[in-house]
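See structure below.
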There are 2 protein chains.
Amino acid sequence: MSATHLHVPVPVPADNDCPVREVLDIVGNKWSVMIVVLLGRRSYRFNELHRSIEGISQRMLTRTLRLLVRDGLVARTAYATVPPRVDYELTDLGRTLLEPLTALSGWADTHRGDIRAARQRHDSA
Amino acid sequence: MSATHLHVPVPVPADNDCPVREVLDIVGNKWSVMIVVLLGRRSYRFNELHRSIEGISQRMLTRTLRLLVRDGLVARTAYATVPPRVDYELTDLGRTLLEPLTALSGWADTHRGDIRAARQRHDSA
DNA sequence: CCGTATCCCTTCTGATACTG
DNA sequence: CAGTATCAGAAGGGATACGG
């Protein structure tokens, strides 16, 4: 620890140049995490994901997968068979994301009660 | 490393009942993380935050702070002085969030290059 | 089977002006 | 100093129908 002022030299993030924001832009949308978590177990075909994720529309599944592929987190493999078959799986990069995601999930599990309580306290006041 | 194959025990999330989503709804918006990180260092007054976070509007600062207070992550202390003075600081709960957030930030730092590369590969193809 | 194309609605965010 | 109010644009997301 520093002697006089114990101050972390981390600069103020400048909006665009903030690494955390970059992850959150990837993972912050409604379905990304769910998809990544599922693909963390095994590879899935398109309609398999569609059935496994309750409430997602075909449109959003396509869109979200495209983003994840673009960011190099998910690999898409299309087979030119009839009927067509497309497999999605995590890349090595995608798999590395599981750990911090699990940390966040753990935090949520541990503290969701506190959060609900805080909300109720706040909303009743 | 102790784990042989870091396996994620997270069950299939059911949209509303997904703990990760709950955190991401808190932390996924544009300014929350930046505020939490700043308050992780020390307490701030309103305009101090306003000056420290480049690009945020008064409106969004207020709104985001309100959300964080509601969720019990940030404490607001108003002094009835003239001129008025309001201090914001992390609660104990808020401080616990710093760790998983740092994990995510670390991931971003480590892999932002890979992501940029993947994007360029994808966008040129 | 694996997507696209449209349309529409809601939420989020920003700019600006004003107040206790 | 620490906010509110109002308005408007952008982005996220969903429903439905159609295509290779």
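Sequence lines set the chain letters: A, B, ... in the order given, protein chains first and strands last, and positions in each chain run from 1. If you're wondering where the values come from, they're calculated on a predicted model, not measured in any experiment.
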- Query: What string of B, S and - do you get for nucleotides 3-12 of chain C 5' to 3' if you count protein non-hydrogen atoms under 4.0 Å?
  - Reply: BB-B------

- Query: Hey, is B:Asp71 close enough to A:Arg119 for a salt bridge, meaning N to O under 4.0 Å?
  - Reply: yes

- Message: I need the CD1-C1' distance between B:Ile56 and C:dT16, as an integer number of Å.
- Response: 17 Å

- Go through the steps to decide whether B:Leu68 and B:Ile35 satisfy the test side chain to side chain contact (heavy atoms under 4.5 Å, CB included), and finish with yes or no. CA-CA 9 Å; B:Leu68 293 172; B:Ile35 292 174; 3.8 Å; yes

- Would you find more than 12 non-hydrogen atoms of other residues, nucleotides or ligands less than 6.0 Å from B:Glu99 atom CD? no

- For the helix from C:dC1-D:dG20 to C:dG20-D:dC1, how many degrees between its two end axes (five pairs per end), to the nearest 10°? 50°

- Message: I'd like to check B:Leu39 versus B:Tyr44 (side-chain heavy atoms, cut-off strictly below 4.5 Å). Are they in contact?
- Response: yes

- Message: If I compare all heavy atoms of A:His111 with all of B:Thr96, which pair ends up nearest, and what's the gap?
- Response: NE2-OG1, 3.6 Å

- Item | Nearest-angstrom distance from the residue atom CD1 of A:Ile35 to C1' of D:dG13 | 13 Å

- Item | Rounded distance (Å) that lies between atom C1' of D:dG3 and atom CG of B:Leu61 | 10 Å

- With a 4.5 Å limit on heavy-atom distance, are the side chains of B:Val33 and B:Leu104 in contact? no

- B:Tyr44 OH to D:dG3 C1': how many Å, rounded? 20 Å

- Message: Just so I know, are the side chains of A:Leu67 and A:Ile26 near enough to count as touching, which here means a heavy-atom distance under 4.5 Å?
- Response: no

- Task: Please tell me if the side chains of A:Leu61 and A:Trp31 come closer than 4.5 Å, counting only heavy atoms from C-beta onward.
- Result: no

- Between C:dC2 atom P and A:Asp87 atom CG, what is the distance in whole Å? 9 Å

